[in-house]
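Chain letters run A, B, ... following the sequence lines, proteins first, then strands; residues in each count from 1.
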There are 2 protein chains.
Amino acid sequence: MTKETTRERIITVADNLFYEQGFDHTSFADIAGETSISRGNFYHHFKTKDQILEAVIELRLKNTLAMIKEWEAASHCAKERIKSYITILDRNKNKIAKHGCPVGTLTSELAKLSHDAQGSANKIFSLFDEWLQIQFIDIGLNDEAELLSQHVLARSQGIATLYNTFQSDTFLKKEISLLLEWLEETCSTTTANH
Amino acid sequence: MTKETTRERIITVADNLFYEQGFDHTSFADIAGETSISRGNFYHHFKTKDQILEAVIELRLKNTLAMIKEWEAASHCAKERIKSYITILDRNKNKIAKHGCPVGTLTSELAKLSHDAQGSANKIFSLFDEWLQIQFIDIGLNDEAELLSQHVLARSQGIATLYNTFQSDTFLKKEISLLLEWLEETCSTTTANH
DNA sequence: AATGATTTAGGACGATTGTCCTATTTTGAG
DNA sequence: CTCAAAATAGGACAATCGTCCTAAATCATT
C-alpha cells in the first residue's frame, strides 16, 4: 500500500470533518489540527477552502463508485444490489445517528450557502440515482425506473433524517424492512412479464 | 393588529434568515441589516445568539401549533387532517426547492454543530409526530400509530430533501400522490374493524 | 557533494465574528 | 413638566476566519 501523500491526507481529514461538523463550520485550523500540517502549508496544495471541498466531493464520488462496484461484484441480481443500497442505513447507523446521511446533509448545507459546489455535490446523488435506475431497468421496470429510483432515494433520505433526530432503533429496523418489502412487491409486479 | 415589537421583529427576521442561510452562517450583521436595528441594540433584547435561536424555535413551535389547529378546524376527519400535513409539501414547494424543509434542515444543522438547542429543535419534529399519532389513533390504528406517524414524517422529509436537490416537479407530484395512496390503503385496512 | 525545485513552517494581513460597554435618545408614570 | 426606566446607537474588544507571504527545510537529479 502506497503511503498517503500530504494532499490526500488533507482531503481525507477534511472529508471526515465536513461530514461531522459541516463544511462551513469546519475551519482551516480544525483541519490543520487533525492533520498536524501547518496552516501555511495548505496553500501549497489548495488555493482556497472551496478547492478542498471540490477535492472532497471528488473523493466521495470515487468512493461511492467503488462501493457500487463492490455491490455489483457481490451480486449479479439487480434486486439484491438495490438491497445493498437500502441496507447501508443499517450498516452506517452509528454515523447516521450522529451526523446524518453524508450525501443529503452536504447538499442541504450547500443549498443554504448558495455555494458554487452545489452542482458537484448533487452529482453524488445523481450517481446513486442513475445506478438505481439501471437496476430497475434490469429488473424490467423500464418506464418507471426513474421514479422508482428516486422513490428509494427519498425513502432512505427520510429514514436517515428521522433516525438522526430521534435515534429510534425500532423505527430504523421497521422502516428498512418496509422498504425491502416494497422492493419485493415492486419487483414481483413485473416478474410475470418475463 | 398590534404593531410588531422590536424583539418580535428580530425573531421574525432571524427565523427567515436561519431558514434561508442556516443558523451558523447567519450573522448579527445579517439580522441587523434586514431589521434596521443597530447591532448594539440586540443585546438589550438577547444576550447571546443562542438565545435568538431559542426564541426562533419557540416561534416555530407556536406557528406549527397554530397551523395544526387550523387543520383541525378545517377538517373533523383524521384522515383529512393527515392529508393536510402531506400536502404542505406542495403548498410550500417553492421554499422547499430553495431551502429544504425548515424542520429537517435545522435539526440536521444543529446535530452537526453539536448545539445545545438540538433538543428544542427536535420538539418541532415531536410536535408533528405526536399530532400525527393522535390522528392515526383516531382512525383506529392504535398499536401502529407511532410507527405510522414516523413513516409519514420520514417519507415527507425524504421528499423534501430530494426535491431540494433535483427540483423535479414530476417527482414531487408523484411522491405526494403515492403517499396519499398509502394513507388510503393504511386507513382502509382497519375501517373493516369499525 | 552540489544545485534547483518542491514542500513545509509560521507569522502577518484585513475582514468578520459574537460579545460588551457607554453614551444618547425615547418612553411612560407621577 | 419631571425624572427614572427602557430602548437605541455606535464604537471597542478579543478571537477567529480565509488568505497570503517569505524564509527554512527537504527532496530529487546530476
Tell me the interatomic distance from [X], atom [atom1], to [N], atom [atom2], rounded to whole angstroms.
X: B:Leu53; N: C:dG18; atom1: CG; atom2: C1'; answer: 14 Å
X: B:Phe46; N: D:dA6; atom1: CZ; atom2: P; answer: 17 Å
X: B:Phe42; N: D:dG11; atom1: CZ; atom2: P; answer: 16 Å
X: B:Ile10; N: D:dA9; atom1: CD1; atom2: C1'; answer: 13 Å

By side chain to side chain donor-acceptor pair (under 3.5 Å), which residues pair with [X], not counting sequence neighbours?
X: B:Arg39; result: none
X: A:Lys174; result: none
X: B:Ser126; result: none

Requested in this report: Can you tell me which residue pairs pass the ring-ring contact (aromatic ring centres under 6.0 Å, His included) test with a partner in residues 88-122 of chain A, sequence neighbours excluded?
Outcome: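 The answer is A:Tyr19-A:His99, A:Phe23-A:His115.
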
Requested in this report: Would you list the pairs meeting ring-ring contact (aromatic ring centres under 6.0 Å, His included) in which at least one residue belongs to residues 132-164 of chain B, sequence neighbours left out?
Outcome: B:His151-B:Trp182

**Report entry** Global bending angle along the helix from C:dA1-D:dT30 to C:dG30-D:dC1, which compares the axes of five pairs at either end, to 10 degrees
**Finding:**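 Here the local axes at opposite ends form an angle of 10°.
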
Within less than 4.0 Å of OP1 or OP2 of [N], is there a side-chain N or O belonging to [X]?
X: B:His45; N: D:dA6; answer: no
X: A:His44; N: C:dT7; answer: yes
X: B:Thr6; N: D:dA7; answer: no

Query raised in the report: Charged N to carboxylate O under 4.0 angstrom, B:Asp90 versus B:Lys173?
Result: no

Report summary line: Per-nt protein contacts along nucleotides 16-27 of chain D (heavy atom under 4.0 Å; B base, S backbone sugar-phosphate only, - none) come out as -SSBBB------

With a 3.5 Å cut-off and sequence neighbours excluded, list the donor-acceptor pairs that the side chains of residues 67-75 of chain A form with protein atoms.
residue	atom	partner	partner atom	Å
A:Glu72	OE2	A:Trp131	NE1	2.8
A:Ser75	OG	A:Cys77	N	3.2
A:Ser75	OG	A:Cys77	O	3.1

Report task. If a pair satisfies salt bridge (Lys or Arg N to Asp or Glu O under 4.0 Å) and one of its residues is in residues 44-58 of chain B, list it, with sequence neighbours excluded. Result ->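 Matches after skipping sequence neighbours: none remain.
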
